[in-house]
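Report on the structure given below.
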Amino acid sequence: MKIAIDGPAGAGKSAAAKAAAKALGFIYVDTGALYRGIALYVVRKGKNPSSIEEVVPLLAEIRIEMRHIDGEQHIFLNDEDVSELIRMEHVSVAASGVSAIPAVRDFLFDMQKEIAEKNNVVMDGRDIGTVVLPDAELKIFLTAKPEIRAERRVKQLAEKGVFASYEDVLEEVVQRDYNDSNRDFRPLKLAEDGILLDNSEYSLDETIEKIISLAKERGA
Ligand code: DC
C-alpha cells in the first residue's frame with residue numbers, strides 16, 4: 001500500500017508521516033531529504049542552486065542513498081551520512097532551488113518509485129500524489145496557515161537550540177511556498193483525488209490520528 005503526503009514546508013508532514021508510518025508498520029520516506037542532499041553538494045561546491053547550467057553537470061558526481069538504520073531514515077551523500085547537515089536553513093533554501101530543475105527531479109524519480117514498489121510506504125514530499133505515486137491508495141495534502149507553520153518552525157528550531165526570529169522564518173516559509181507552488185515543472189499542488197487536510201487547528205496527535213483513520217478506511 002502507498003500513502004502520499006504532500007504539502008508546503010512546516011505543515012508537520014514529516015512528523016505526522018513518520019508517526020503514522022510507525023503505527024501502520026509501513027516505511028517512512030522523506031523525499032525532501034533527497035533534494036536536500038543534492039542541495040548540500042551544490043552549496044559545498046560553491047555553485048548556484050537555482051542555475052541549471054551549474055547544477056546539472058554536478059549530478060554525475062552525486063550518489064544519494066537512503067538507508068534505514070534502526071527504523072530511522074538516513075541520507076548518504078557519496079557514502080557520507082549527511083542526515084543532520086541537510087537540516088541547516090541555508091540548505092532548505094538551496095533545496096527549494098535545485099528542486100525546480102527538471103533534471104534533478106528526474107534524477108531522484110526512479111529512486112523514489114523503486115522504494116515504493118518494494119515496501120508499504122508513507123512517502124512525504126511535494127509531488128508524491130501527483131507525479132511519483134499517482135496510483136497511491138491514499139493521497140493527503142497537508143497544510144496549515146503560513147503564520148502557524150512559521151510559529152511551529154521557530155519552536156522546533158528553539159528545541160534544537162537554534163534561535164530564529166518569527167519574522168525571518170515567516171518570510172522564508174512564504175518564499176518557499178511561492179517557489180514550490182509556482183515552479184513550471186511539477187509544482188506543489190493538490191492531486192485531483194487528494195484529500196485536503198488543513199491542520200492549523202489540530203495538534204500533531206490529532207493530525208496523526210486523522211491520517212491513520214483515513215489509511216484504515218482504505219484497507220491499511
Ligand atoms: O520537505 P522539505 O522541506 O525537506 O523539502 C525541501 C525542498 O525540496 C522543498 O523546498 C521542496 C523540495 N521538494 C520537492 O520539490 N519535492 C519533493 N518531493 C520533496 C521536496
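Given the structure is predicted, the values throughout are model-derived calculations rather than measurements. Note that ligands are numbered from 1 as they come in the structure, with each ligand's atoms numbered from 1 the same way.
- In this structure, Arg186 is positioned above the aromatic face of Phe109, its NZ or CZ under 6.0 Å from the six-membered ring centre and within 45° of the axis.
- Checking side-chain atoms of Asp6 against main-chain N and O of Asp127 turns up a donor-acceptor pair under 3.5 Å.
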Under 3.5 Å, N/O to N/O: give me all the pairs between ligand 1 and the protein, one per line with atom names and distance.
| unit_1 | atom_1 | unit_2 | atom_2 | d |
| --- | --- | --- | --- | --- |
| ligand 1 | 1 (O) | Arg126 | NH1 | 2.9 |
| ligand 1 | 1 (O) | Arg126 | NH2 | 3.4 |
| ligand 1 | 3 (O) | Arg36 | NH2 | 3.0 |
| ligand 1 | 3 (O) | Arg126 | NH2 | 3.3 |
| ligand 1 | 3 (O) | Arg176 | NH1 | 3.1 |
| ligand 1 | 4 (O) | Arg36 | NE | 2.6 |
| ligand 1 | 4 (O) | Arg36 | NH2 | 3.3 |
| ligand 1 | 10 (O) | Arg176 | NH1 | 3.0 |
| ligand 1 | 10 (O) | Asp180 | OD1 | 3.4 |
| ligand 1 | 10 (O) | Asp180 | OD2 | 3.1 |
| ligand 1 | 15 (O) | Ser99 | OG | 3.4 |
| ligand 1 | 15 (O) | Arg105 | NH1 | 2.7 |
| ligand 1 | 15 (O) | Arg105 | NH2 | 3.4 |
| ligand 1 | 15 (O) | Arg183 | NH1 | 3.0 |
| ligand 1 | 15 (O) | Arg183 | NH2 | 3.2 |
| ligand 1 | 16 (N) | Arg105 | NH2 | 2.9 |
| ligand 1 | 18 (N) | Thr31 | OG1 | 3.0 |
| ligand 1 | 18 (N) | Arg126 | N | 3.1 |
| ligand 1 | 18 (N) | Asp127 | OD1 | 3.2 |

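- Of the residues listed (Ile27, Ile3, Asp30, Leu133), the one engaging Met123 in a side chain to side chain contact (heavy atoms under 4.5 Å, CB included) is Leu133, and it is the only one.
- The backbone N or O of Leu188 lies less than 3.5 Å from no partner atom in the side chain of Asp180, so there is not a single donor-acceptor pair.
- With sequence neighbours left out, the side-chain hydrogen bond (donor to acceptor under 3.5 Å, both in side chains) criterion links Glu171 to no other residue.
- Taking CD of Gln175 as the reference point, atom CG of Asp177 lies at 9.5 Å (rounded to 0.5 Å).
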